[in-house]
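Each remark here refers to the structure printed beneath this line.
Not measured: the values here are computed from a predicted model.
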Amino acid sequence: MARYFASLDHLSGGRACWNLETSLTDTEAWNFGREHHPFYAERMARAEESYDVVCGLWDSFADDAFLYDERGGRMFDPEKIFADPVPAAPGPGR
């Protein structure tokens with residue numbers, strides 16, 4: 001998910017948006033294999049966890065890690081990447 005949003009943000013010139021919401025009805029819970037919808041506190045905890053994971057991936061490298069040096073053949077500085085595999089750089093809107 002982090003890569004998709006980062007890519008979309010790059011393609012849109014920083015205009016991508018992530019509206020992080022939770023569902024409300026049991027019908028929506030069925031989409032996730034659940035018979036009933038979780039209570040509000042559990043939904044918010046899951047939403048916060050998703051947000052933390054995505055932002056953690058975006059923050060898993062230094063701001064100047066991506067070099068895009070075609071002539072030198074280096075896309076990024078491996079010393080400035082703190083995750084494996086290499087994550088997508090956050091978009092300009094972040």
Side-chain angles (χ1 to χ4, degrees):
M1 186 165 48
R3 286 182 187 218
Y4 291 129
F5 278 108
S7 296
L8 180 61
D9 201 42
H10 280 289
L11 291 171
S12 68
R15 296 182 312 231
C17 177
W18 179 18
N19 186 11
L20 185 61
E21 293 185 10
T22 63
S23 305
L24 298 174
T25 68
D26 286 342
T27 305
E28 293 165 313
W30 298 341
N31 289 330
F32 299 97
R34 295 176 152 245
E35 192 170 321
H36 299 289
H37 211 294
F39 290 111
Y40 179 81
E42 183 181 346
R43 292 194 325 264
M44 291 300 107
R46 287 178 176 216
E48 185 175 355
E49 180 183 15
S50 295
Y51 174 83
D52 290 344
V53 168
V54 169
C55 289
L57 289 169
W58 285 335
D59 293 337
S60 62
F61 49 87
D63 289 340
D64 60 346
F66 287 86
L67 306 172
Y68 305 110
D69 178 13
E70 289 183 35
R71 180 170 279 166
R74 295 178 64 205
M75 181 174 171
F76 60 90
D77 181 347
E79 297 294 321
K80 297 180 180 183
I81 303 290
F82 316 122
D84 190 31
V86 177
R94 180 155 197 285

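In this structure, the side-chain contact (heavy atoms from CB on, under 4.5 Å) partners of Leu67, at least two apart in sequence or on a different chain, are Asp69, Arg74, Asp77.
Atoms CZ and CZ, on Phe66 and Phe61 in that order, are 4.5 Å from each other to the nearest 0.5 Å.
The two residues Ala6 and Trp58 have their closest heavy-atom pair at CB-NE1, 3.6 Å. Residues Phe82 and Ala62 approach most closely at CE1-N, 3.5 Å, considering heavy atoms.
More than 12 non-hydrogen atoms from other residues, nucleotides or ligands lie less than 6.0 angstrom from CG of Asp64.
Tyr51 is connected to Phe5 through a chain of hydrophobic side-chain contacts under 4.5 Å among Ile, Leu, Val, Met, Phe, Trp and Tyr, so both are in one cluster. By the rule that hydrophobic residues join a cluster once side-chain heavy atoms approach within less than 4.5 Å of another member, Tyr68 and Ile81 end up as members of one cluster.
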Please list, one pair per line, the donor and acceptor atoms closer than 3.5 Å that link side chains of residues 36-43 to other protein atoms, with sequence neighbours excluded.
from: His36; atom 1: ND1; to: Asp26; atom 2: OD2; distance (Å): 3.3
from: His37; atom 1: NE2; to: Ser23; atom 2: O; distance (Å): 2.8
from: His37; atom 1: NE2; to: Leu24; atom 2: N; distance (Å): 3.4
from: Glu42; atom 1: OE2; to: Arg34; atom 2: NH2; distance (Å): 3.4
from: Glu42; atom 1: OE2; to: Arg46; atom 2: NE; distance (Å): 3.4
from: Glu42; atom 1: OE2; to: Arg46; atom 2: NH2; distance (Å): 3.2
from: Arg43; atom 1: NE; to: Thr22; atom 2: OG1; distance (Å): 3.2
from: Arg43; atom 1: NE; to: Ser23; atom 2: O; distance (Å): 3.0
from: Arg43; atom 1: NH1; to: Pro38; atom 2: O; distance (Å): 3.0

